Amino acid sequence: TTPGVVLSGALLLGFLVLPGWSLAAGNTMLGVNLAYTVSQLLGVDAGEAGLTIHFGFWRLVGCSVVILPWITPWLAFRRAQFLNLLPLVFLVALPLVVHARLHHFAMDAKSTGQIFGGLGGSAAMQRDMQAMVEKQATALINATSWNSGYWLALLAALGISVLTLMRRVKT
């Protein structure tokens, strides 16, 4: 139907084209400002070489879930239309996963502060170092935001889910 096609197109636009997540961390320990599409965010890897984007497992899963509304009309099994609910589930779970990963990164930074503080110096200097690292880790988590791409994709996924459930109620 036309609403389904429009919502599916909006889902793809929000997921693949528009910036969906940003990190304005110019004043934190990273000192960078980043903006990613939702698709790129799934492929971000924080390694020794810095932040890199690659096409890995989670990015493949995300892209597969987002194209499901285009595929389900041609699937033959009886409950295929319920696959259209997966983009909504995926996009609702994504902020929880991203926050958990940032929290894990912050905890690693705090433990690094404890290590550096334990290398010597007075107890006051060690507490100051730990407090500084904790402040920077909190600032890093607070510097993130979800942008228009994410919100468009989430609203489109919600619309697709409503259309799917309305069709199911009528049948």
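The model shown is predicted, which means the values in this text are computed figures rather than measured ones. Hydrogens, waters and symmetry mates are skipped; everything else that's a heavy atom, side chains included, is used.
The one candidate from Val162, Leu154, Ile160 that meets the side-chain contact (heavy atoms from CB on, under 4.5 Å) condition with Leu88 is Leu154.
The shortest side-chain heavy-atom distance between Arg59 and Gln40 falls under the 4.5 Å cut-off. Counting heavy atoms from C-beta outward, Phe90 and Leu42 have side chains that approach closer than 4.5 Å. For the pair Pro19/Tyr150, no side-chain contact is recorded, criterion being any heavy-atom separation below 4.5 Å from C-beta on. Two residues are said to be in side-chain contact when any heavy atoms from C-beta on lie closer than 4.5 Å; Val5 and Thr2 fail this criterion. Two residues are said to be in side-chain contact when any heavy atoms from C-beta on lie closer than 4.5 Å; Trp58 and Leu94 fail this criterion.
In the hydrophobic clustering of ILVMFWY residues, with side-chain heavy atoms under 4.5 Å counting as a link, Leu16 and Phe57 come out together. Hydrophobic clustering of Ile, Leu, Val, Met, Phe, Trp and Tyr side chains at less than 4.5 Å, counting indirect connections, unites Leu86 with Phe77. Hydrophobic clustering (ILVMFWY, side-chain heavy atoms < 4.5 Å, transitive): Leu18 and Leu41 are in one cluster. If you chain together hydrophobic residues whose side chains sit under 4.5 Å apart, Leu158 and Trp151 fall into the same group. Criterion: ILVMFWY side-chain heavy atoms under 4.5 Å apart, direct or through other members. Under it, Val17 and Leu12 are part of a common hydrophobic cluster.
Among pairs with a residue in residues 5-22, those fulfilling side-chain hydrogen bond (donor to acceptor under 3.5 Å, both in side chains) read Ser22-Ser145, Ser22-Asn147, at least two apart in sequence or across chains.
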Distance-only check: which donor-acceptor pairs under 3.5 Å involve side-chain atoms of residues 61-75, not counting sequence neighbours?
from  : atom 1 : to    : atom 2 : distance (Å)
Ser64 : OG     : Leu60 : O      : 2.8
Thr72 : OG1    : Leu68 : O      : 3.4
Thr72 : OG1    : Asn84 : OD1    : 2.9
Thr72 : OG1    : Asn84 : ND2    : 3.4

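One distance of note links OG of Ser161 with CG of Leu85; it measures 4.5 Å at 0.5 Å rounding. With rounding to the nearest 0.5 angstrom, the NE2 atom of His99 is 13.5 Å from the CZ atom of Arg101. A distance of 9.5 Å separates OG1 of Thr164 from CG of Leu7, quoted to the nearest 0.5 Å.
In terms of heavy-atom proximity, Thr37 sits nearest to Phe15 at CB-O, 3.8 Å. Listed here is the closest heavy atom pair of Val38 and Gly14: CG2-O, 4.1 Å.
The side-chain contact (heavy atoms from CB on, under 4.5 Å) search around Ala153 returns Leu11, Leu91, not counting sequence neighbours.
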